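Take a look at the structure set out below.
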Amino acid sequence: MPLSPPVSRRALRHTRAIDVQAFARDDGLWDLDAHITDIKTFDTTLASGVRPAGLPLHDLHLRLTIDLTMTIVAAEVASDAVPYPGFCDTAGDAYRALIGLNLMQGFRHELKLRLAGIAGCTHLTELAQILPTAAVQAFANDVWSTNDSATADAATPHTKPFQLDKCHALRTDGGAVARYYPRWAVKAEPA
């Protein structure tokens, strides 16, 4: 369902685009390639000069390589467009500080501790914040089963599907779990 129609005429002034692609590698690792762009619809005067309309203010790439436990084993940054060339594009090496972190175990907290403020690039750090859920989506039904163990064959361990109790829709006391994962449904506590 789309958003409601705008209540007033409006003019597009800025577009931020974020793209994340996940790749299974031949060596058993995974690459999460994240890309962010910021583009204005008008010429923008920066301290470093004029950026013509339609050319990116930011065109940044972040690759995190993870193992099957979601631990980061490598990190790489590329900057194709930045507002302050020779300055913004020097923060890339700082992202190696993410190596050894696990995307599912306090990653966002550690990311902020290691790369917030002047330690990193605001845009790359914001981009990194979305990678845990992107990795979960990549692993779903490829690395991790999302099926109810109750419907699997007898050789399959009977473990709670990883996605239950991780969001509003898939809470174990809710209707979606009762319908699609009945084995794991629990009765809601009376109010």
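Source: prediction; values computed, not measured.
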remark   = Tightest non-hydrogen contact, residues Ala81 and Arg51, listed as CB-NH1, 4.2 Å
inquiry  = Please give me the minimum heavy-atom distance between Asp43 and Pro52, naming the atom from each residue.
reply    = OD1-CA, 3.3 Å
inquiry  = One pair to check against side-chain contact (heavy atoms from CB on, under 4.5 Å): Val177 and Leu164. What are the steps and the verdict?
reply    = CA-CA 8 Å; Val177 171; Leu164 300 186; 3.8 Å; yes
Check: Ile130 main-chain N/O paired with Thr133 side-chain donor or acceptor under 3.5 Å = yes
task = Could you please spell out the steps behind the side-chain contact (heavy atoms from CB on, under 4.5 Å) verdict for Leu101 and Arg114?
result = CA-CA 11 Å; Leu101 296 180; Arg114 296 174 187 211; 3.4 Å; yes
ask   = How many angstroms lie between atom OG1 of Thr37 and atom NE2 of His61, to the nearest 0.5 angstrom?
value = 9.0 Å
query = How many angstroms lie between atom CG of Asp19 and atom NE2 of His35, to the nearest 0.5 angstrom?
reply = 8.0 Å
message = Once rounded to the nearest 0.5 Å, what's the spacing between atom OG1 of Thr172 and atom NZ of Lys160?
response = 5.0 Å
key: Reported CG-to-OH distance for the pair Leu170 and Tyr181, which is rounded to 0.5 angstrom   = 6.0 Å
query = Do other residues, nucleotides or ligands put more than 12 heavy atoms under 6.0 Å from Leu46 CG?
reply = yes
remark   = Sorted by chain and number, sequence neighbours left out, side-chain hydrogen bond (donor to acceptor under 3.5 Å, both in side chains) with Thr65 holds for Asp31
Thr122 side chain to Gly120 backbone, donor-acceptor under 3.5 Å = no
ask   = Tell me the salt bridge (Lys or Arg N to Asp or Glu O under 4.0 Å) pairs involving residues 79-108, sequence neighbours left out?
value = Asp93-Arg96
message = Has Asp67 got a side-chain atom pairing as donor or acceptor with Leu29's backbone, closer than 3.5 angstrom?
response = no
key: Atom pair CG/CD1 of Leu98 and Ile66 - distance to nearest 0.5 Å   = 12.5 Å
query = In Å, rounded to the nearest 0.5 Å, how long is the span from CD of Glu110 to CG of Leu103?
reply = 12.5 Å
message = Holding to side-chain hydrogen bond (donor to acceptor under 3.5 Å, both in side chains), I want the full list of residues that pass it with Thr71, two or more places apart in sequence or in another chain.
response = Thr69, Asn102
key: Closest contact, heavy atoms only, Ala34 versus Leu131   = CB-CD2, 4.0 Å
query = Taking everything shown except Arg10 itself, do over 12 heavy atoms lie less than 6.0 Å from its CZ?
reply = no
inquiry  = Could you report the tightest heavy-atom contact between Ala91 and Cys121, atom names first, then the distance?
reply    = CB-N, 4.2 Å
inquiry  = Please evaluate residues Met70 and Val136 with respect to the criterion side-chain contact (heavy atoms from CB on, under 4.5 Å), reporting the C-alpha separation (whole Å), side-chain torsions for both, the decisive distance (0.1 Å), and the verdict.
reply    = CA-CA 9 Å; Met70 291 209 182; Val136 167; 4.0 Å; yes
Which residues share a side-chain hydrogen bond (donor to acceptor under 3.5 Å, both in side chains) with Asp38, sequence neighbours left out = His14, Arg16, His58
ask   = Residues two or more places apart in sequence or in another chain: which of them pass side-chain hydrogen bond (donor to acceptor under 3.5 Å, both in side chains) with Gln21?
value = none
query = Which residue pairs satisfy the ring pair (Phe, Tyr, Trp, His ring centres under 6.0 Å) criterion with at least one member in residues 66-104, sequence neighbours excluded?
reply = none
